[in-house]
Amino acid sequence: MTSRLRRAQTGEPTVAPPDGSVPYDEPLTPSALHRRLRTAHMGHRIYHYPEIGSTNDRAIELAAAGEPEGSIVIAERQTRGRGRRDRTWISADRLGLYLSMILRPGGEVSNAPLFTLLGSVATARALSSACGCVARIKWPNDVIVKGRKIAGILGEVRSSAPTLKELVLGIGINVNHEAADFPSELGDRATSVYLETGRRHDRCALLVEILERFERCYLAVLRNGPEELLSAWRQLSAIPPGTRVSLRVGDELIEGILIDIESDGALRLQVGVGSTRRVAFGEIEATRGPAEADHA
Ligand code: BTN
């Protein structure tokens, strides 16, 4: 058990930092968030839980019941936090950020992956500006530091409508985890803001930064289309064009050279002489080329 969890469980007071900021392991109360948040919609309605199964599951329920765009669900701890491909998202008490947003962007359902990219861009930029932690994005939704995962994004559409009537975007970030807070089976694949910077961070400040950045970029996409987002993504991508990648799509392993990202968030690969292939869903398993040396 880590020292701060021991302290929390024995009821010892948390000491306020001298600069007047919120102690890093304070709960993310809606009132503290509202005091700091400068957004037009995002985070105006907050559902906060000390413990929940999955914030995405709760947000999906709320969205189906008509909850407005911009409402968020946050939890101090998740007991069934989910990642892509039914993986578990380790969600230890008050160490990370576990957030789900309700979005109603309209447009075609096929554009849903764009908003997942937006989540990863907002998260990577907020990690840098709020915590001084320089992160990159590994397509489609991993936020990584030196090849280790620090955050993940899970976009889910549960409605059968042809338009993107409702979308839930879940963001999980490892903030104040020590190495011992991750299960051993993760090996050295996970990292946290604390492990990368050597400092504990105020989760409330990081959350505010994500919501503000997300809203700005979201409104720009809705007004002007995805170009600005795609160019931000290209700058943050851990895998530059020209890199040889192996992409897992279900049972298929696709080998190719990364050309670019397309306007709906799919990747374009060169898979043979004069032959390209578009991949909308999948997972990058390996890269060979400039990516590992320079970026990831
Ligand atoms: C991934 O990398 O596979 C995505 C991980 C997403 C985790 C977040 S934590 C908040 C939200 N609630 C969930 O159950 N999952 C997402």
Side-chain angles (χ1 to χ4, degrees), residues 27-28 33 42-43 46-64 67 71-103 112-113 115-124 126-127 135-145 147-158 166-177 181-183 185-187 189-193 203-204 206-207 210-211 214 236-239 247-250 265 281-285 296:
L28 291 163
L33 269 165
M42 213 52 79
I46 301 173
Y47 292 80
H48 170 254
Y49 298 91
E51 175 183 302
I52 200 165
S54 153
T55 56
N56 260 36
D57 289 345
R58 180 69 187 123
I60 287 165
E61 280 170 16
L62 290 164
E67 187 65 25
S71 298
I72 64 169
V73 179
I74 48 178
E76 303 300 332
R77 164 171 191 260
Q78 296 183 115
T79 53
R80 287 189 309 279
R82 294 187 285 110
R84 289 171 77 230
R85 303 170 95 197
D86 286 331
R87 293 186 183 125
T88 299
W89 186 261
I90 305 296
S91 309
D93 198 22
R94 282 183 286 165
L95 294 183
L97 269 184
Y98 318 115
L99 154 75
S100 300
M101 315 181 197
I102 295 174
L103 303 173
F115 298 99
T116 310
L117 293 189
L118 209 166
S120 58
V121 166
T123 301
L127 281 170
R136 295 198 165 266
I137 301 171
K138 182 176 160 212
W139 186 88
N141 69 342
D142 288 352
V143 181
I144 61 173
V145 178
R148 295 180 181 185
K149 187 154 168 171
I150 199 161
I153 321 292
L154 180 65
E156 296 190 289
V157 181
R158 287 284 166 91
E166 61 199 39
L167 165 70
V168 164
L169 200 68
I171 301 181
I173 309 180
N174 303 327
V175 184
N176 290 318
H177 299 61
D181 294 317
F182 294 114
E185 61 268 24
L186 276 182
R189 283 176 288 138
T191 189
S192 71
V193 189
R203 293 174 306 143
C204 185
L206 177 58
L207 178 51
I210 290 171
L211 293 172
F214 187 91
L236 288 164
S237 174
I239 301 169
L247 252 160
R248 162 83 44 204
V249 181
F281 299 98
E283 190 139 323
I284 294 176
E285 288 204 339

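Order of listing sets the numbers, starting from 1, for every ligand and every atom in it. Remember, it's a predicted structure, so these values are computed and weren't measured experimentally. All heavy atoms count here, side chains included; hydrogens, waters and symmetry mates do not.
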Notebook entry, point to check: Is there a donor in the side chain of Thr79 and an acceptor in the side chain of Glu51, or the other way round, less than 3.5 Å apart?
Noted result: no

Checklist line | Donor-acceptor pair between Ser120 and Asn141 side chains, under 3.5 angstrom | finding: no

Item checked: N or O pair under 3.5 Å between Arg82 and ligand 1 -> yes

Next item on the list: Using a 4.0 Å heavy-atom cut-off, say whether Asp57 meets ligand 1 through its side chain, its backbone, both or neither.
Entry: neither

Check: Using a heavy-atom cut-off of under 4.0 Å, does the side chain or the backbone of Ser100 touch ligand 1, or both, or neither?
Finding: side chain

Notebook entry, point to check: Any non-hydrogen atom of Lys149 lying under 4.0 Å from ligand 1?
Noted result: yes

Margin query: For atom 13 (C) of ligand 1, tell me which residue out of Arg80, Arg87, Gln78 has the closest non-hydrogen atom.
Written below: Gln78

Check: Who passes side-chain contact (heavy atoms from CB on, under 4.5 Å) against Glu61, sequence neighbours left out?
Finding: Arg58

Note to self: For Arg189, give me all partners under side-chain contact (heavy atoms from CB on, under 4.5 Å), at least two apart in sequence or on another chain.
What the structure shows: Leu186

Next item on the list: Measure the shortest side-chain to side-chain distance between Tyr49 and Thr55 over non-hydrogen atoms and say whether it is less than 4.5 angstrom.
Entry: no

Note to self: Considering non-hydrogen atoms of the protein only, which is the closest contact for atom 10 (C) of ligand 1, and what is the distance?
What the structure shows: Thr55 OG1, 3.2 Å

Margin query: For atom 5 (C) of ligand 1, what's the nearest protein heavy-atom neighbour? Residue, atom name and distance, please.
Written below: Trp89 CE3, 3.5 Å

Item checked: Inter-residue atom distance Ser192.OG - Ile173.CD1, 0.5 Å rounding -> 11.5 Å

Next item on the list: Within a distance under 4.0 Å of any heavy atom of Leu99, pick out the atoms of ligand 1 and give their elements.
Entry: 10 (C), 11 (C)

